[in-house]
Amino acid sequence: MPSSSLRNDSRLGLPFQTAKNALDIAKKVDAKNKDLKNIEDLLLPSFLDGKRQLTDTFLGLVKNQELDGLGRIEEAVWRKAFYEPYTLGKQFLQKAGKLETHSGILKAHLYSGVAFYSQLLELVIASSHHQTGDLKSLKDTGRKEGPSEDSEDSHADTIHRIHLYLGDIYRYLYGLGVLSAHSLAIDHYLEALETIPENGLPHNQLAALFSEENNGLTTIYHYMACMSSKTKFEGGEKNLAAKAEEVAATKFQANLQDSQLERLLIGFSLVSSTFMGIKTNQDISQLCQFTLKDLHEILKAPKQMDQERDERTDLSPEILIQMAAMCCFVLHKNSTKKKDFDSQLALAFCLAYLSELLDGILREISDIMPEIPTEIPKPVPAKTKSRRRRQRRLSLKREESSGSEVESELESESSESDSSSDFELEESDSESESKNIILKEYQKSQLAARIQNSSFAAPLSLMCFFLHRLEQTVSGTGPGALPLWFRLTKLANALKEVATAPENGKSLSEDWFLSPVLGQIQTSCFSDDFKLRINRIRSFVKLLSVLPDTGVTFDVGSGYFFSKEKPDEIKPEERKLDEDKARTMATMWLKSEVSALENQLVSASCLVVDTSVMLKQLRIIIKLSKRFIIVVPTAVIGQLDRAKKHNPDAREAIRWLEQEFQRGSRSVRPQRHGARKSLPAVKYPKRKEKMAWSFYQILECCLYLKETMGSENSEVTLLIGESVPTFSSQLPGKSPQGLCASIGVTLKTAQDFIKATEPSNVEK
C-alpha cells in the first residue's frame, strides 16, 4: 500500500509509523511463505524469526492498549503467520504421504498459534476489564444496539475473532488426528457465539465438526443458523446445499436398513433445507408426509418419566429442540416471502411439528388433568349459609310470642337444634373443602413435576415464544389451524394453576438455539425454570385470543381460555374464504396425526413386486410405475442388495429403486416400517428355505396393504417374473396361487398384467 493511502486510511486509527512497520513485517513474512518448498521449511530460522517478529509486534501494540484500529493488522497476522503456512504445509503433507514426522511439524506450527492467541486473548480480556470493569457485562450488553461504525475494532469483536482463530486451529489439529482438539474447537466456537451471537461464521465452522452426528441433522441445523444470522457467512448457503445433497444420498440406505429414526432425521433435514430455498430434487409434499408419519410413530408411544431413552429409536431432548429451532428458522425465512404454495406448505409442516410436541405433553399429563370448564362461567349471586341463618333468625323474632312457656321452650330447643345442625353443616363443608384443597395441591405438584421432567416442554415453549413474534403469520393460518389452537388452549388451561407472574429479562437455556434470529441473549440470566416455559405457552395462547379468526377467547374473571370452534365444528363458509390454503394446511396436520399412510392410496390397484420380476422384467415395472403405485417389500430390497455383487440385473434394479426413493417418487414406494400382517391359519416354511421364507414376507406386506387400503374396490396384485416360481416345491401345503387367493391377493406375471391393463385392451 502506498504511503499516502496508508496515511489516509481511517480504518487503521494508529500512528502512521506503527501501522507501516507492522504491515511491512507482514509483507516480509508473506515473501517467506512463498519461498516454502516442503514441510520442513516451516522449521527454517528465517521463517520462524519473521513469524515471531510479526506476532511480537502485534502483542506489543495490544499491551500498549492500542487496540482501536488493529483489525486489519490482526487479519494480516492470522493469514501470513498461521493460516497460509498451514494450508501450504497441508499440501506438502498430502504429497509426502502423511508421514508421522511431517505431521508433527505441522502440529507444532499450529500449537504455536494456540500459544499466541491464548496470550492475545488474556491481554484483550485484561484491556476490557480495565476499560469496562467487567467482561461479563461486555458479553451481555456489548452489541445490543447493533454494530456501530467502529464495531470492527471493539473489544467484543476482537474477543469474538480470537475465539474463531482458536477454534479454527483446534479444528485443524483434529483433522491431523488430535482427538482432544475436537471438544476444544467446539468450546471456542461457542465462546465466539456467546460474545456476538448474530454472526453466522461460528455456526458454519461448528457444522463441519458435527458432520457425522444425528445423520447430518445437527450439521444442517448449524448451516441453517448460519443462513438465518444477521451477519451471514457468504458460503453458508452453498455449504447447506452440499450437505443436503450428501444427506439425500443416504436416504436409500436408511430405507434399506428399515431404520425409522434414521429416516426421520434424514427426512427432517431434507424438508428443512428445501424450505430454506435449497434445491434437493425431492417431492417435497410426499417427503413432508413421510417425515411427519415417522415422527408421529416415534413419539406416540407413551414412556415413563424414569424410563431410560433408547438412542436407536428415541429422540433426545436436544434433538427435539434442534428440530424446533429449525422450524423457527423456516418460519423466519418464509415470513417475509410472498404467500404461495411452498410458503404455506412450510408453515403447515412447522405447525404440524408443533402439534406433535403438543400431543406429546398432553399424553404425559392426561391422567392428572384438572377439571376445566368448557364454557365461560355465568355470574351467580353469592348467598352464603350464614346469611340464610341470619334471615331465619330475624323472621323468628318477628313472630308473636304465644305466651306459653312450653312453646317458648320448644322454640328455644328448635332454635338450638337449628344452630347445632347449622354448625354441623358448616363443619362438614369445611372438612370437604379442606380435602379438596389438599387434593388440588397434590395434583398441582404432580402436574408441575411432569412438566419439569417433560422432554416436550422446552421445544414447545421455544416455538410458542418465537411464534409470538410472528403475529401476521399466525393470523394467516386460517381455519385449518383451529384444531391445533383448540388443543393448545386445553394445555394452557391445565397449566393455569402452575403458572406464575412472568419475570422480565430472563432467558431459557433453549433460547441459545435461536440466538441467530433473537440476537443478544442474557446468558448470565440463563434459566431452566419450567414455570417460565409455562408462562411462554400461556402468553402465546393469550395472543391467539386477541388475533382474529383463531377461535380463542380469554375470560379475565376465571383466567381460562375458551375455544369457540372445536375440531369438528369448522363452518363450511369459513373454509371457502381461503380454500386452497385451508386444504393444504388441514391435510398436513391430519397427516401428522394419522398413522396409516396406506389409506392415502388413490389408485384402485396397488402392485407389489417380487424379486424375480425386478430382475427379469424391470422395463415393464418402470412402465407400470407411470400408472400404478408400486410397493417394493423390504425382503425384495434385501435380496436385490445381496445379489448385486454378481448379478448385473440386480445392480440395475437397485440403481433404479435408489433413484426413485431419493427423488421421493409418488408411485414407487418402499415397504414402510411395521407394514406387515401375519398370515392367518397358514404354516410358514423354515427360515433356511430362503426363497420360500422371503415369499411369505412379501405376502405379509400384501395382506397389510389389502386390509388398510380402506375400500372394497381396492385390489392388491402381486407381480412375479415367472408363471411357476422356482420355490413352489418349498411351500408347505398350498401353491403360490392358493396362498394369494386365501388372503384376497391376485397373483400375476408382469406380462399378463400389462396385457390386461393396456388401454387398448381395456377398451376392447
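Note that the numbering runs from 1 along the sequence shown for the chain.
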**Study point:** Rounded distance [0.5 Å steps], NZ in Lys616 versus CG in Asp649
**Key:** 10.0 Å
Review point. Heavy-atom distance under 4.5 Å between the side chains of Thr291 and Arg263, does that happen here?
Key: no
Exercise for review: Before accepting this row, confirm whether a basic side-chain N of the pair Asp359/Lys300 lies closer than 4.0 Å to the acidic partner's carboxylate O.
Suggested key: no
Practice item. Side-chain contact test, heavy atoms from C-beta onward, threshold under 4.5 Å: evaluate it for Trp485 versus Ser563 and give yes or no. Key: no
Check your understanding: Considering only heavy atoms from C-beta outward, does the side chain of Thr746 approach that of Leu718 to under 4.5 Å?
Key -> no
Revision key, fill the gap. Heavy atoms of Leu482 and Asp549 approach each other most closely as CD2-O, 4.1 Å
Check your understanding: What closest approach, in Å, do Leu462 and Ala325 show between heavy atoms, and which atom pair accounts for it?
Key -> CD2-N, 4.4 Å
Exercise for review: With the side chain counted from C-beta on, respond yes when Leu358 and Phe456 share a heavy-atom pair under 4.5 Å apart, and no when they do not.
Suggested key: no
Exercise for review: Answer yes or no: does atom NZ of Lys232 have more than 12 heavy-atom neighbours from other residues, nucleotides or ligands under 6.0 Å?
Suggested key: yes
Exercise for review: Check the surroundings of atom CD in Glu237: do more than 12 heavy atoms from other residues, nucleotides or ligands lie under 6.0 Å from it?
Suggested key: no
Check your understanding: With a 4.5 Å limit on heavy-atom distance, are the side chains of Leu747 and Pro736 in contact?
Key -> yes
Practice item. Assess the side chains of Glu722 and Ser612: does a donor N or O sit below 3.5 Å from an acceptor N or O? Key: no
Exercise for review: Work out which heavy atom in Ala756 is nearest to a heavy atom in Lys748; give both atom names and the distance.
Suggested key: CB-NZ, 4.3 Å
Check your understanding: Say you draw a straight line from SG of Cys226 to CZ of Phe329; how long is it, rounded to the nearest 0.5 Å?
Key -> 10.5 Å
Exercise for review: Might you point out which heavy atoms bring Ala244 and Ile220 nearest each other, and give the distance in Å?
Suggested key: N-CD1, 4.1 Å
Check your understanding: Which residues satisfy the side-chain hydrogen bond (donor to acceptor under 3.5 Å, both in side chains) test with Glu700, sequence neighbours excluded?
Key -> Tyr684
Check your understanding: So, do Cys740 and Leu699 sit near enough that their side-chain heavy atoms are less than 4.5 Å apart?
Key -> yes
Review point. Out of curiosity, Leu460 CG to Ser454 OG, how far, rounded to the nearest 0.5 Å?
Key: 8.5 Å
Check your understanding: According to the interplanar angle, ranging from 0 to 90°, do the rings of His332 and Phe466 count as parallel (below 30°), tilted (30 to 60°) or perpendicular (above 60°)?
Key -> perpendicular
Practice item. Starting from the C-alpha separation in whole Å, work towards a yes-or-no answer on side-chain contact (heavy atoms from CB on, under 4.5 Å) for Leu315 and Leu264. Key: CA-CA 10 Å; Leu315 289 168; Leu264 169 62; 3.7 Å; yes
Review point. Can Asp752 and Thr749 be counted as having a side-chain donor-acceptor contact under 3.5 angstrom?
Key: yes
Review point. With distance as the sole criterion, is a donor-acceptor pair present between the side chains of Arg487 and Ser355 under 3.5 Å?
Key: yes
Practice item. Could you tell me whether the side chain of Leu607 reaches within less than 4.5 Å of the side chain of Ile621, counting heavy atoms only? Key: no
Point to revise | Test side-chain hydrogen bond (donor to acceptor under 3.5 Å, both in side chains) applied to Glu652 - qualifying residues, sequence neighbours left out | key: Arg619
Point to revise | Rounded distance [0.5 Å steps], CD1 in Ile321 versus CE in Met463 | key: 12.5 Å
Practice item. Provide the closest heavy-atom pair for Ser228 versus Val517 in the form atom of the first, atom of the second, distance. Key: O-CG1, 3.6 Å
Practice item. Output the distance between atom CG (Leu345) and atom CZ (Phe349), rounded to the nearest 0.5 Å. Key: 9.0 Å
Check your understanding: Under the side chain to side chain donor-acceptor pair (under 3.5 Å) criterion, do Gln697 and Thr634 qualify, and how do the steps go?
Key -> CA-CA 8 Å; Gln697 305 308 302; Thr634 304; over 6 Å; no
Check your understanding: How far apart are the C-alpha atoms of Phe268 and Ser273, what are their side-chain angles, what is the distance that settles it, and do they pass the side-chain contact (heavy atoms from CB on, under 4.5 Å) test?
Key -> CA-CA 8 Å; Phe268 203 97; Ser273 301; over 6 Å; no
**Study point:** Val330 vs Met224, side-chain contact (heavy atoms from CB on, under 4.5 Å): CA-CA, chis, key distance, verdict
**Key:** CA-CA 9 Å; Val330 168; Met224 290 175 66; 3.9 Å; yes
Revision key, fill the gap. Heavy-atom closest pair (Val636 atom, Val609 atom, distance to 0.1 Å) is CG2-O, 3.3 Å
Exercise for review: Could you pull out all residues at least two apart from Lys677 that satisfy salt bridge (charged side-chain N to carboxylate O under 4.0 Å, His left out)?
Suggested key: Glu707
Check your understanding: Do the rings of Phe753 and Phe628 sit parallel, tilted or perpendicular, given the 30° and 60° boundaries?
Key -> perpendicular
Check your understanding: Cation over ring, Arg672 on Phe290, under 6.0 Å and within 45°?
Key -> yes
Review point. Looking at His222 versus Phe210, is the centre-to-centre ring distance below 6.0 Å?
Key: yes
Practice item. Go through the side-chain N and O atoms of Gln472 and Ser335 and say whether any donor and acceptor fall under 3.5 Å apart. Key: no
Check your understanding: At what distance, to the nearest 0.5 angstrom, does NZ of Lys238 lie from CD1 of Ile278?
Key -> 12.0 Å
**Study point:** Any side-chain donor near an acceptor of the partner, Glu213 and Thr219, under 3.5 Å
**Key:** no
Point to revise | side-chain contact (heavy atoms from CB on, under 4.5 Å) between Met326 and Leu217, intermediate numbers included | key: CA-CA 10 Å; Met326 291 163 76; Leu217 181 88; 3.8 Å; yes
Review point. Do Glu689 and Lys686 sit within salt-bridge range, that is, some charged N less than 4.0 Å from a carboxylate O?
Key: no
Check your understanding: Are any of the side-chain heavy atoms of Tyr221 and Phe513 separated by less than 4.5 Å?
Key -> yes
